[in-house]
Structure formats: structure tokens, C-alpha cells
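Report on the structure given below.
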Amino acid sequence: MKIVTWNVNSVRARMPRVLEFLERVSPDVVCLQETKALDEVFPRGVLEEAGYNLAIHGQKTYNGVAILSKKPIEDVHLGLGDARFDHEARVMAATVGDLMILNLYVVNGKEVGCDKFAFKMEWLKTLRDYIDEHMPRTEKVIVTGDFNITFDARDVYDPEKWEGKIHCSDEERAALAEIMDLGLIDALRHFHDKPEIYTWWDFRTRGFRDNRGLRIDHFLVSQPLLDVATDVHVDLEARGGEKPSDHAPVILTLA
DNA sequence: ATGGTCGCGGAGCGA
């Protein structure tokens with residue numbers, strides 16, 4: 001069984017690459033972020049024809065999350081239950097079989113210290129409480145998506161250049177650590193401890209060509225989920241070629 | 001420090 005997280009940076013612009021990926025990898029569940037499409041313009045038809053059930057949470061121009069699943073998607077809940085944050089479409093909880101999934105597009109934060117950064121920190125605090133309340137770690141829990149935070153220097157192509165910068169600051173990493181302290185495990189690091197595993201590369205600097213990237217898309221899982229996991233890897237093929245997203249899909253494999 | 005490229009929407013913002 002394969003579960004995927006992928007920030008597609010517009011589902012409509014990315015449709016050819018999404019369909020190619022579904023055909024090649026045949027994932028069971030796909031968590032999408034930055035769909036950038038209101039529900040009425042989401043390309044439902046082609047995805048359903050490809051064999052997927054859909055749960056979508058769209059917004060005009062920005063944000064947007066969705067789950068595609070071969071099996072039925074149940075108990076869908078949107079948002080963090082906090083009016084300070086839920087005008088933005090960033091959070092979708094759902095169950096697929098015995099998997100409890102939380103699909104996230106975490107606030108970017110732009111630059112450490114600015115208003116957007118303060119908003120990110122408040123958002124993360126609220127996310128922590130949401131997970132504590134709604135995602136029982138005795139179950140098979142998958143908290144995944146674009147976190148816009150690296151864990152440590154291994155996740156950063158130039159740690160000196162990025163030290164203290166957005167996605168790499170102590171404050172963001174401390175907020176992420178508080179979430180991990182609820183009893184979640186960074187699934188990729190359970191299987192791979194080497195550096196230079198990235199999930200995002202800047203379009204502007206053509207970062208992918210020289211693998212100048214960051215690992216900011218994660219699978220945080222409970223122990224019962226980890227017990228049935230066999231690997232996590234980044235699908236670099238989807239990041240190359242024509243009109244890719246700036247993020248690569250990350251694939252969690254279950255026994 | 002700045003810029004570079006995307007996507008959306010049709011200028012400038014967000015990333």
C-alpha cells in the first residue's frame with residue numbers, strides 16, 4: 001500500500017503530471033496541497049476516471065488541500081476548528097480504512113519575524129492542540145503534508161546559508177518538536193539518516209538541477225502506523241521533466 | 001542584500 005503527499009502548486013496546471021504519476025506509481029492514497037482551485041473548478045472527472053475517490057477543500061487562487069483514494073474516504077473534517085485560521089483551506093482530516101489521515105498545508109511564514117511568521121507560529125500551536133485532541137496515537141495516524149519546516153541540517157542543502165532563516169529557524173523547529181512530542185515519528189528518518197534528501201527546490205534559482213533543496217514535506221506517524229511501514233522515499237522523477245511542481249511527491253509504503 | 005521562476009489572473013501577490 002502506498003500513501004503519497006504532494007504539494008502540486010496548482011492542481012489544474014499540474015494535471016498532466018498528476019495523471020502521469022498516478023499511472024506510474026498507482027498510489028492508494030494521495031494527499032495534495034496547494035491545489036489553488038475552488039471546488040467547482042477542481043478537475044474531478046479525470047481523477048475519478050483514473051479510479052480515485054475525492055475529498056476536496058478548495059479556495060480561490062491560494063492554498064487548497066485534497067485527498068484522492070482508491071478506497072472510500074470517510075469522516076472528512078476541514079480546518080482546525082479555529083476562526084483565526086479556517087478562512088484558509090489548509091487542513092483536511094479523513095479516514096481511509098483503519099488509517100487516520102491529517103493532510104496539511106502549513107503556513108509558509110515568508111520571513112522570520114514578520115506578521116506572516118507570527119501567524120505561522122500561532123497556527124502551529126493550534127495544530128499541536130488539534131492533533132492532541134483528534135488524532136489518537138494508539139491508532140494508525142498519518143500527519144502529512146507541506147510543513148514548510150526542516151527538522152535539522154540534514155534537510156538543508158546549505159545549512160550555513162539557511163541558519164535561522166525561514167523553514168530552518170529554532171522557533172519553527174521547536175514548534176515542530178512539540179508536535180513530535182505528542183508521540184509522532186518522522187517516518188523518512190526512521191528508514192534513512194543520510195543528508196541531501198529533499199522535497200522542495202526553488203524554481204527561481206533552478207535549484208533542482210544541482211539538488212539545492214530542502215526537506216519540508218513530511219510523514220509524521222504514530223507507532224502503530226510505523227509498525228506496518230516499510231519505507232519512505234522521494235519520487236524525484238515527478239520533479240523533473242515538463243512543467244513540474246516545485247515539490248516532489250513523497251511516498252510512504254505500508255506492508 | 002538582491003534576484004531569479006512559477007501560478008493565478010489579468011497587476012501584483014504569494015511562494
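Please read all numbers here as calculations on a predicted model, not as lab measurements. Convention: sequence-line order gives letters A, B, ...; per-chain numbering from 1.
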Next on the checklist: Heavy-atom nearest nucleotide on DNA chain B for A:Arg204 versus A:Asp246: which residue maps closer to 5'?
Outcome noted: A:Arg204
Item to check | Aromatic ring proximity, centroids under 6.0 angstrom, A:Tyr198 and A:Phe208 | outcome: no
Checklist entry - If the C1' atom of B:dA1 is compared with that of B:dC6, how far apart are they to the nearest Å? => result 23 Å
Checklist entry - Counting any heavy atom closer than 4.0 Å, what does A:Lys116 reach on the DNA or RNA strands: base, sugar-phosphate only, or nothing? => result sugar-phosphate
Checklist outcome for this item: Against the side chain of A:Thr205, the closest entry in B:dG7, B:dG4, B:dA15 is B:dG4
Item to check | Pairwise P distance, B:dC13 and B:dG3 [rounded to whole Å] | outcome: 14 Å
Next on the checklist: Could you tell me how far B:dT2 sits from B:dC8 if I compare only their C1' atoms? Round to whole Å.
Outcome noted: 25 Å
Checklist entry - Is it the case that more than 12 heavy atoms not belonging to A:Glu111 sit under 6.0 Å from its CD atom? => result no
Checklist entry - What do you reckon, is CG of A:Asp231 surrounded by more than 12 foreign heavy atoms closer than 6.0 Å? => result yes
Item to check | Between B:dC13 (P) and A:Asn9 (CG): distance, integer Å | outcome: 18 Å
Checklist entry - Rounded to the Å, how far apart are A:Phe117 CZ and B:dG14 P? => result 17 Å
Next on the checklist: Could you check whether atom CG of A:Asp193 has more than 12 heavy atoms from other residues, nucleotides or ligands sitting under 6.0 Å from it?
Outcome noted: no
Checklist entry - What does A:Phe208 touch in the nucleic acid at a heavy-atom separation under 4.0 angstrom: a base, only the sugar-phosphate, or nothing? => result nothing
Checklist entry - Between A:Arg14 and B:dG7, is there a side-chain N or O to OP1/OP2 distance below 4.0 Å? => result yes
Under 3.5 Å between N/O atoms: give me all the protein pairs with nucleotides 9-11 of chain B, atom names plus distance.
{"from": "B:dG9", "atom 1": "OP1", "to": "A:Lys60", "atom 2": "NZ", "distance (Å)": "3.4"}
{"from": "B:dG9", "atom 1": "OP1", "to": "A:Thr61", "atom 2": "OG1", "distance (Å)": "2.9"}

Item to check | Span that lies between the P atom of B:dG10 and that of B:dT5, in whole angstrom | outcome: 23 Å
Checklist entry - Under a 4.0 Å N-O cut-off, is there an ion pair linking A:Asp82 with A:Lys125? => result no
Checklist entry - Quick check: are there more than 12 heavy atoms from other residues, nucleotides or ligands sitting under 6.0 Å from NE2 of A:His233? => result yes
Checklist entry - Rounded to the Å, how far apart are A:Asp202 CG and B:dG4 P? => result 12 Å
Checklist entry - Any side-chain heavy atom of A:Leu225 sitting closer than 4.5 Å to one from A:Leu99? => result yes
Next on the checklist: Would you say A:Lys243 places a side-chain N or O within less than 4.0 Å of OP1 or OP2 belonging to B:dG7?
Outcome noted: yes
Checklist entry - Of A:Tyr105 and A:Val11, whose closest DNA chain B nucleotide lies nearer the 5' terminus? => result A:Val11
Checklist entry - Which nucleotide, B:dT5, B:dG7, B:dA15, lies nearest any side-chain atom of A:Phe203? => result B:dT5
